[in-house]
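To find a chain, count down the sequence lines: A is the first, B the second, and so on, and within it residues start at 1.
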Amino acid sequence: MSSNPFYRLAPFIQEFIYKKKWDVLREAQADACHIILDTNKHLLIASGTASGKTEAAFFPTITMLDHNPSGTVGILYISPLKALINDQFHRLEELLQEASIPVWAWHGDASQSAKQRLLKKPSGILQITPESLEAMLMNRPELILPLFGDLRFIIIDEIHAFMGTDRGIQLQCQLVRLARLSKTEPRRIGLSATLRDYDYAANWLALGTAASVQIVAPQTGRKLRLAVDHFMFPSVEIEEDEESFLKAQEAYYKEIYNATYRHKALIFANSRQDTEHTIMEMRRLAQERQEADIFYVHHGNISTQLREEAEAALREVQGPVVAAATLTLELGIDLGELERVVQLGAPYSCSSFVQRLGRSGRKKDASSEMIFFCSEKEYEGALLPEQLPWEMLRAIAIIELYIREKWVESFKTRGMPLGLLYHQSMSLLKGMGEAKPAVLASAVLSLPAFKDIQPDAYRLFLRHLIKTDHLEITETGTLIIGLTGEKIVNHFRFYSVFEGNEEFFVFNGSQQIGSLDHAPPVENCFTLAGKIWEVTGVDDKRKHIYVVQAKGRKNTIWNGTQGHVDTHVMKKIREILTGSEAYVYLKPNAAKRLEQARHFAANNGLLEDLVVAAGGEQFYIIPWVGSQAFDTLIRVLRFELYSDIEPRSIKERSPYFLRITSKIDAAELKQKILSTIRKPLIHEALMAEDEAPRLGKYEEFIPPKLLRKAFLTDGIHLEELIHALQ
DNA sequence: GACCTGCTGCGGCATG
């Protein structure tokens, strides 16, 4: 074995590296070479952004394919994004110029003729999305053997984007189905820049196979340069204040302008509106100063063409370019080296922070840097806990967790993914045409993702699908897809397991008022078109929300959905408020605001206990738990403490605090909450009798009895709540 | 008043 793996790579790869003037293989690349070339194990590459992960996966696997060409497709590359496939396609074509290994992109936008050419002579590397793979497995299962009968490797890019999601469960099912139909056991390679829980990731990657996983996770000692700034916008309740509000806003945008001026810069925001608004202001300021328009917006509602223009500008234009994006620019599409990364507010998760940070400092020895612009709006009548700078606190917590503890969020797999059970059952049956119930059951329940589904539950599930015409039973006792099922399965939307953006239309009688992304629960109020409405009913099928105009003062204003925050982050925020540390990366305004917040929290007793008296019969509950445990706490209050608390008085800002009205005092309330959550059989009590909430796509087709069970398993996070409150 | 991802097969018509 040569000690330098470079000399073991295929000649055209050596030539490619030489031409690129890369002096040595990166650590991850060298390690990956040894594992791929010298072992039979799966491989997990968990190394930082810009460490050459994709090359680390492709160099040795292509080398092996070059030595010993495969009779069918030899490497299957699976990506969560079409954009990533297109990006990789060009890079692979360049690498493979001198080789006789073809590369094929297969996704919704790929041409039919290219797909036909591959089918004529299956070979080389195929790049695909889970949705296109689903279509293949379901509509053309007979093609799997000729396409993949000699498959050697499966490379899964950005696996953290799959782990812990329904799409990831779908992918795991597909890998097993692919292995069965192709009669191969390809080695798997997973790639990610943001992982901490390597064991979970390794298990995820190897699920359903016998081989073990070797992990490559080189330490990168990249320098960090961080800054957090804070801006206060005064309230605009009275007219005189408006001027000072506008002045503060102007100062804020000028600061962003200056931070990105004459740089290649990316501005991350947490909402599409923020990106639009910020770029509008940047344009205005540039125009005032007669500077060029170098600004772009990049988010989910922007067309592919415009997004590609923004990406190309960042990558290729000489001179300054400024783009504002939501998380659309987090994943690994190549943008080249960016000089500045600005974050408006705080990301919701540490892992998001790491991805965004990785957009700068890609060159050797360059430091990664990010400036946080946190802002706060003062307003009349703000409740005590609302006067804490939560967003800035979350920014500090995320920074501290990452730089001190190297912590990022871990993933959790759903125990009862019933929507997926429907999806995979229908997909498998469609591929089979017809099947005896026992045959279908064994094909589905032997998939590792469904190991916790009991045969009894599956029988109930099948009977329900027969009753609702999703399935039909023939005279010979076999199952076929039923009339209702045909409509679902034959629609092109069937291939994805996540729901597209829905629009709920709001009706007051027969008058349509507007639309919302989500339906608030019945009896909750929300504002739209300048008025407050109370929800009287929701028609999930027609996507209608029925409302009446709310009368009098209503406490239960629905807050919409918020980003998910982990319990670890909330605990860190409390620690920051309790402590006295001065963080070096805080700019003067931010440092001052933190000091104020610490005093304010201490003086008002906000850090002392779970329940804080707020005067009269009002109380704050500040639990310092993440979003999921927070939602469970609300269930505890609604369903178990309703005799002490006025349920309609609950006002929440998830996951930071709740305000409630109660006749019993703070100490007793706290005691009741703590003793309630430890009661045996409490799980069942936290749901209304007729409640069967859906957690994902296709769950409307599941028998309510099973759906309730799934919610108890995956929707109620009592253990986390108990643990966090102790 | 979070954010994001993905999509077949075929009939019919126009064009070279």
Salt bridge between [X] and [Y], side-chain N to carboxylate O under 4.0 Å?
| X | Y | value |
| --- | --- | --- |
| A:R635 | A:D631 | no |
| A:D334 | A:R315 | no |
| A:R659 | A:E652 | no |

With the side chain of [X] defined as its heavy atoms from C-beta on, choose the nearest nucleotide among [options].
| X | options | result |
| --- | --- | --- |
| A:K82 | B:dG9, B:dC4, B:dG6 | B:dG6 |
| A:H107 | B:dC7, B:dG6, B:dC3 | B:dC7 |
| A:E131 | B:dG6, B:dT8, B:dC4 | B:dG6 |
| A:H564 | B:dA2, B:dC7, B:dC4 | B:dA2 |
| A:L327 | B:dT8, B:dA2, B:dC3 | B:dC3 |

Using a cut-off of less than 4.0 Å, is there contact between a side-chain N or O of [X] and OP1 or OP2 of [N]?
| X | N | result |
| --- | --- | --- |
| A:T326 | B:dC4 | yes |
| A:S132 | B:dT8 | yes |
| A:T129 | B:dT5 | no |
| A:R307 | B:dT5 | yes |

Q: Let me know, please, whether A:F494 or A:R272 comes out on the 5' side of the other along DNA chain B by nearest nucleotide.
A: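 The answer here is A:R272.
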Q.
Taking the nucleotide of DNA chain B with the nearest heavy atom to each, does A:R140 or A:A269 sit closer to the 5' end?
A. A:A269
Would you mind classifying the nucleic acid contact of [X] as base, sugar-phosphate or nothing, using non-hydrogen atoms under 4.0 angstrom?
| X | answer |
| --- | --- |
| A:R167 | base |
| A:Y495 | sugar-phosphate |
| A:H491 | nothing |
| A:R356 | nothing |

Q) Under 3.5 Å, is there a donor-acceptor pair linking the side chains of A:H230 and A:E376? A) yes
(Q) Quiz question: by atom type and distance under 3.5 Å, do the side chains of A:H298 and A:Y296 form a donor-acceptor pair? (A)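 Side chains of A:H298 and A:Y296: no pair found under 3.5 Å.
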Q.
Can you measure A:L84 atom CG to B:dC4 atom P for me and round it to whole angstrom units?
A. 17 Å
